[in-house]
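Report on the structure given below.
Source: prediction; values computed, not measured.
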There are 2 protein chains.
Amino acid sequence: MRPKLNDVAREAGVSSTTVSRVINNHGYLSEKTKDKVFEAMKKLNYQPNSIARSLHGKQTNLIGVLFSSVSNPFFGELVEKIENKFFKLGYKTILCNSADNKEKERVYLNMLIANQVDGIIAGAHNLGIKEYEKAGLPIISFDRYLSDTIPIVSSDNYQGAVLATQELYQNGAKSIYLFASSQTPNSPTDKRRTGYLETMAHLNLPAHEKVISSSMASNVKALLIKQILTTESIDGIFCTDDLTALIVLRQAKELGLRVPQDLKVIGYDGTQLIQNYHPELTTVAQPINDMAELLVELLLQRIENKKSDLKHHYILPVKLIRNPSSSQFC
Amino acid sequence: MRPKLNDVAREAGVSSTTVSRVINNHGYLSEKTKDKVFEAMKKLNYQPNSIARSLHGKQTNLIGVLFSSVSNPFFGELVEKIENKFFKLGYKTILCNSADNKEKERVYLNMLIANQVDGIIAGAHNLGIKEYEKAGLPIISFDRYLSDTIPIVSSDNYQGAVLATQELYQNGAKSIYLFASSQTPNSPTDKRRTGYLETMAHLNLPAHEKVISSSMASNVKALLIKQILTTESIDGIFCTDDLTALIVLRQAKELGLRVPQDLKVIGYDGTQLIQNYHPELTTVAQPINDMAELLVELLLQRIENKKSDLKHHYILPVKLIRNPSSSQFC
DNA sequence: TATTTTATGACGCACGATTGACATATTATA
DNA sequence: TATAATATGTCAATCGTGCGTCATAAAATA
């Protein structure tokens, strides 16, 4: 049996009240008793039961972090940053991978409520608004509209798409395609789409969109992309995520297309993984660290002061990362 | 205020005892009252407070999952699988990224104890054995020895190294190097090292080891690797992780070395990410899903039956994944 | 009709820690 | 010395649920 507060009291030869006071640094305490208590705690290897504390007080210091999948490097890196920052502030992170499954997301949400988490970072969005609202918890959303009262943190998807499209154009591409990973309105990809479309219109170039669904297996993606590359006349592609861009590069290579001479490719996300292991890929980097920082900060503000009025949408700037070796693509 | 059991009772017009009975399906209950109660629960959007339940009962249904970093794709994929499997069984996962920081790992461990987790999957190992032992909790270790009482799950690191080395040899490599990501005894990398060394000895070939520390920044790694490739005469490299292998491939390309004619490279881990986006890399794939499955299953056995005698070491088979396009490397 | 089974309520303790109200010492200060 | 500040103890309530014990009543069965 794990030692309890009373055991520590007995060991230290003081009352349980005193032990509690020492732990919470509450009221008058002499150095002597403090030392005695700490020593007893150490000797018994005592850890206050935070379940019991949570039941009494209000906070559990638990945060629910809900994303579709940490095996996607972008989310993996984001979640890691979030987890780190919360940890430094004394919060623990319950990880939830919804796998883009509505039912799973609902069950997770209820579980988080049942576990009295202090707040939620929502990065998986298949549920309706109501479900999140009825949670009655501080929530910050990553990159998607949930409701008018739930703040959103995202990078500047629109501007990122503009940058990407312009970059392709300025490097000589004329037949520029968009390879989008989804078609959901309200999704970040959709704003990237808008940015692309408007830039193309501005440049008086015809837009071409292809959906490379993120739910497809990568070999299916590869096949589809290969087919598109052979059928259509393309000299520039803006992929709404880096992993798709990698497939494009590979298929282009297999088809004997020279990059960047014949085909220019630009990705999106700019994870550390891509920057480290695929520096050849020009990409629009989201400020993963800054976004994590802001998500955490805003959620804490909401937790500490429910009515603190936050802006509804926080948009952080993106950064174009060019292939370092010359100004070329790939 | 979140509704409590009493509120549901009032709403349903029954006693709180009855509500508790309905929730826990305990004792005699008529369909009528059950329905009334469920309806009231739905109406009030009631979720039993699992904090309170945990305090009363024994289990919290929380599992601590302690790894160094989920932003590493291998751990990301493993953690995701683990989380999924636990979720299906009604357990929640507290994610801890120790970042290979001893102090952080210790704080995390204490935090998990304080939170009364039912058990721990330990995949970050910088602490001494004692700290884990004094936790007095069911623990299963991933890939490293912690103590005689803590079971280990790992893939067959030795055999994987043998396979890798033999593969290089059978494809004509004679001057085969080991690029190891660390030098820690007891670590999985060390068993891969042993496998390499013994195979080389068996083949009557001289062994060459280089440490490419995982703590190095990737551009530093790249520089170091480039330097090794230019200085030494190498025609085969066994990297103890895939990401390092990717750097090797890139540097080889930059140096004009033809792969696989001039240099054969083989990696280790075989994540879905690598298989999907770098099918050209021959690698030794660890059975990520099976390992996750086993870790979860063993921990649950320990939780349900403390004294259940498990084997001390479970070694799962690895699989060589060759570049599908012909039998070539890269 | 007598007895068992089924269905519900009322009550209270337990889980482990926090906290406030009071009481009582021991020091320190006026 | 009288008063205040400091230091500790006792006691009890509280957080939300689970569950055992009793009691009671209706329905089902003997």
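One can place OH of B:Y46 at 10 Å from P of D:dG16, the figure rounded to the nearest angstrom. Computed from coordinates, the A:L5 CG to D:dC15 C1' distance equals 16 Å when rounded to whole Å. Atom pair A:R10:CZ and D:dT8:P shows a separation of 20 Å (rounding to whole Å applied). Counting to the nearest Å, the P atom of D:dC19 and the CG atom of B:L55 are 13 Å from each other. Atom pair A:L29:CG and C:dT19:P shows a separation of 13 Å (rounding to whole Å applied). In this structure, B:E31 atom CD and C:dT8 atom P are separated by 10 Å, rounded to whole Å. Rounded to an integer number of Å, the gap from CG of A:N6 to P of C:dA17 is 8 Å. One can place CD of B:Q59 at 14 Å from P of D:dG18, the figure rounded to the nearest angstrom.
For B:R106 and B:E103, the salt-bridge test passes: some basic side-chain N is under 4.0 Å from an acidic carboxylate O. Between B:K34 and B:E31 there is a salt bridge, since a side-chain N of the basic residue sits under 4.0 Å from a carboxylate O of the acidic one.
Between A:E77 and A:Q272 the shortest heavy-atom distance is OE1-N, 2.8 Å. Heavy atoms only, all atoms of each residue included: B:S54 and A:I51 are closest at CB-CG2, 4.2 Å. For the residue pair A:I152 and A:Y145, the shortest heavy atom distance occurs at CD1-CA, 3.6 Å.
In this model, a side-chain donor or acceptor of A:H56 finds a partner on the base of C:dT18 within 3.5 Å.
Contact of the A:L95 side chain with the A:F67 side chain is not registered, since no non-hydrogen atoms from C-beta on lie closer than 4.5 Å.
Side chain of A:N72 to main chain of A:F74: a donor-acceptor pair is present (N/O by atom type, distance under 3.5 Å, no hydrogens or angles).
Counted by atom type alone, A:Q116 and A:T60 present zero donor-acceptor pairs between their side chains at under 3.5 Å.
Against DNA chain C, the stretch residues 15-28 of chain A makes heavy-atom approaches under 4.0 Å through A:S20, A:R21, A:N24, A:H26.
In terms of phosphate contacts, A:R53 brings no side-chain nitrogen or oxygen within less than 4.0 Å of OP1 or OP2 of C:dA17.
Distances were taken from every side-chain heavy atom of A:A52 (C-beta onward) to each of C:dT8, C:dA17, D:dG16; the shortest belongs to C:dA17. In this structure, of C:dT8, D:dG9, C:dA17, it is D:dG9 that holds the atom nearest to the side chain of A:V14.
Backbone-only engagement by B:T33 is indicated by non-hydrogen atom pairs under 4.0 Å involving sugar-phosphate atoms exclusively. Residue A:S54 is out of contact with every strand shown, counting any heavy-atom pair closer than 4.0 Å.
One end of the helix from C:dT1-D:dA30 to C:dA30-D:dT1 points its axis 30° away from the other end's axis, with each axis taken from 5 pairs and the angle rounded to 10°.
In this view, A:D7 and A:R10 satisfy the salt bridge (Lys or Arg N to Asp or Glu O under 4.0 Å) rule, not counting sequence neighbours.
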